[in-house]
Amino acid sequence: MKDIKNASPLAFAHSFRLTDAPDAVVAQARHCLLDLLGVAIGGSQTKLARIICAHAAEDFAGSAPLMFAEGTASPPGIALAGGMMIDALDGHDGYNPAKGHIGCALLPAILALAPEHCSGTAFLEALIIGYELGSRLGPALHGTVSDYHTSGAWMAVATAVVGARLCGLD
């Protein structure tokens with residue numbers, strides 16, 4: 001995998017290509033994506049998902065479709081509803097050193113921010129970048145203080161970096 005130890009997260013995010021990743025990393029990213037989608041489908045049947053999707057459609061109006069639900073919302077609404085839908089069953093990925101979940105914030109953020117013409121390669125690149133950053137940012141934040149930090153504390157940074165790449169921001 002491309003060395004990120006000597007690069008800023010944003011530099012890594014803008015320079016990473018799928019060909020930089022070993023085959024095992026790409027296979028694991030695909031596995032994580034299928035896992036997240038399966039948990040989201042299950043979570044979409046919960047009362048929580050119905051409530052948050054209705055809230056997103058009403059209070060975060062937009063034209064993008066919600067994940068596995070009727071209605072549309074803006075990118076923040078898509079990300080909020082998707083993350084809560086995945087988290088509703090709490091059956092998704094976990095990374096013990098980060099003390100939390102990477103994918104539940106990551107997948108909805110990618111879906112919310114990816115341009116319509118996003119290729120499968122670009123989507124997998126964003127997913128791998130997000131997992132790489134999330135798996136490093138979580139332990140880094142936990143190492144700064146003794147308080148517990150939820151996934152949202154460090155995944156906000158990871159998803160912002162992934163969003164910068166998807167949106168072509170410097």
Side-chain angles (χ1 to χ4, degrees), residues 1-41 43 56 64 66-68 73-143 149-170:
M1 181 93 125
K2 189 173 221 170
D3 180 25
I4 69 167
K5 291 179 183 171
N6 298 318
S8 73
L10 196 55
F12 166 71
H14 283 302
S15 67
F16 176 78
R17 298 292 173 258
L18 196 59
T19 55
D20 295 330
D23 291 343
V25 170
V26 176
Q28 183 63 33
R30 289 182 173 135
H31 175 81
C32 288
L33 176 58
L34 288 175
D35 179 68
L36 289 166
L37 290 171
V39 174
I41 290 168
L66 290 162
M67 280 178 54
F68 305 114
S74 64
I78 299 294
L80 173 66
M84 291 185 74
M85 183 182 294
I86 292 170
D87 205 39
L89 296 179
D90 205 23
H92 51 293
D93 62 7
Y95 183 59
N96 289 343
K99 302 178 187 173
H101 305 282
I102 297 169
C104 107
L106 181 60
L107 176 60
I110 293 171
L111 292 173
L113 296 172
E116 286 186 36
H117 61 277
C118 184
S119 69
T121 297
F123 191 94
L124 276 176
E125 288 171 345
L127 196 69
I128 291 169
I129 290 165
Y131 271 102
E132 184 69 21
L133 294 176
S135 68
R136 292 172 183 269
L137 291 167
L141 182 58
H142 289 294
H149 298 282
T150 64
S151 303
W154 38 274
M155 281 310 297
V157 177
T159 58
V161 172
V162 169
R165 177 188 172 111
L166 289 169
C167 295
L169 304 174
D170 61 16

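Please read all numbers here as calculations on a predicted model, not as lab measurements.
Annotation: the span from L18 atom CG to D23 atom CG amounts to 9.5 Å, rounded to 0.5 Å. The structure places CD1 of I129 at 8.0 Å from CG of L166, a figure rounded to the nearest 0.5 Å. One finds the OG atom of S151 at 11.5 Å from the CG atom of L106 (value rounded to the nearest 0.5 Å). From C167, atom SG reaches atom CG of L113 across 5.0 Å, with rounding to the nearest 0.5 Å. Rounding to the nearest 0.5 Å gives a distance of 8.5 Å between CD1 of I78 and CG of L111. To the nearest 0.5 angstrom, M85 atom CE is 12.0 Å from C104 atom SG.
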Worked verdict on E132 versus F16 for side-chain contact (heavy atoms from CB on, under 4.5 Å):
CA-CA 11 Å; E132 184 69 21; F16 176 78; over 6 Å; no
Show your working on side-chain contact (heavy atoms from CB on, under 4.5 Å) between E125 and I128 and close with a plain yes or no.
CA-CA 5 Å; E125 288 171 345; I128 291 169; 6.0 Å; no
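Without hydrogens or angle criteria, H14 side chain to R165 main chain gives no donor-acceptor distance under 3.5 Å.
Heavy-atom minimum distance, G134 versus M155: CA-SD, 3.8 Å. Of all the heavy atoms in A56 and A81, the pair that sits closest is CB-CB, 4.0 Å. Minimum interatomic distance between P108 and G83 (heavy atoms only, all atoms of both residues): CG-N, 3.3 Å. Nearest approach of V162 to I110, heavy atoms of both residues: CG1-CG1, 3.9 Å. The shortest heavy-atom contact between A158 and L137 is N-CD1, 3.7 Å. Considering every non-hydrogen atom in both F123 and C118, the closest pair reads N-SG, 3.8 Å.
For the side-chain contact (heavy atoms from CB on, under 4.5 Å) with L107, the qualifying choice from L37, V39, T159 is L37, the only one to do so. Here the rule is side-chain contact (heavy atoms from CB on, under 4.5 Å) with W154, and of H142, K99, R136 only H142 fits it.
For the pair F12 and V161, the minimum side-chain heavy-atom distance is 4.5 Å or more.
The ring-ring contact (aromatic ring centres under 6.0 Å, His included) contacts involving residues 98-121 comprise H92-H101, where partners must be two or more places apart or lie in separate chains.
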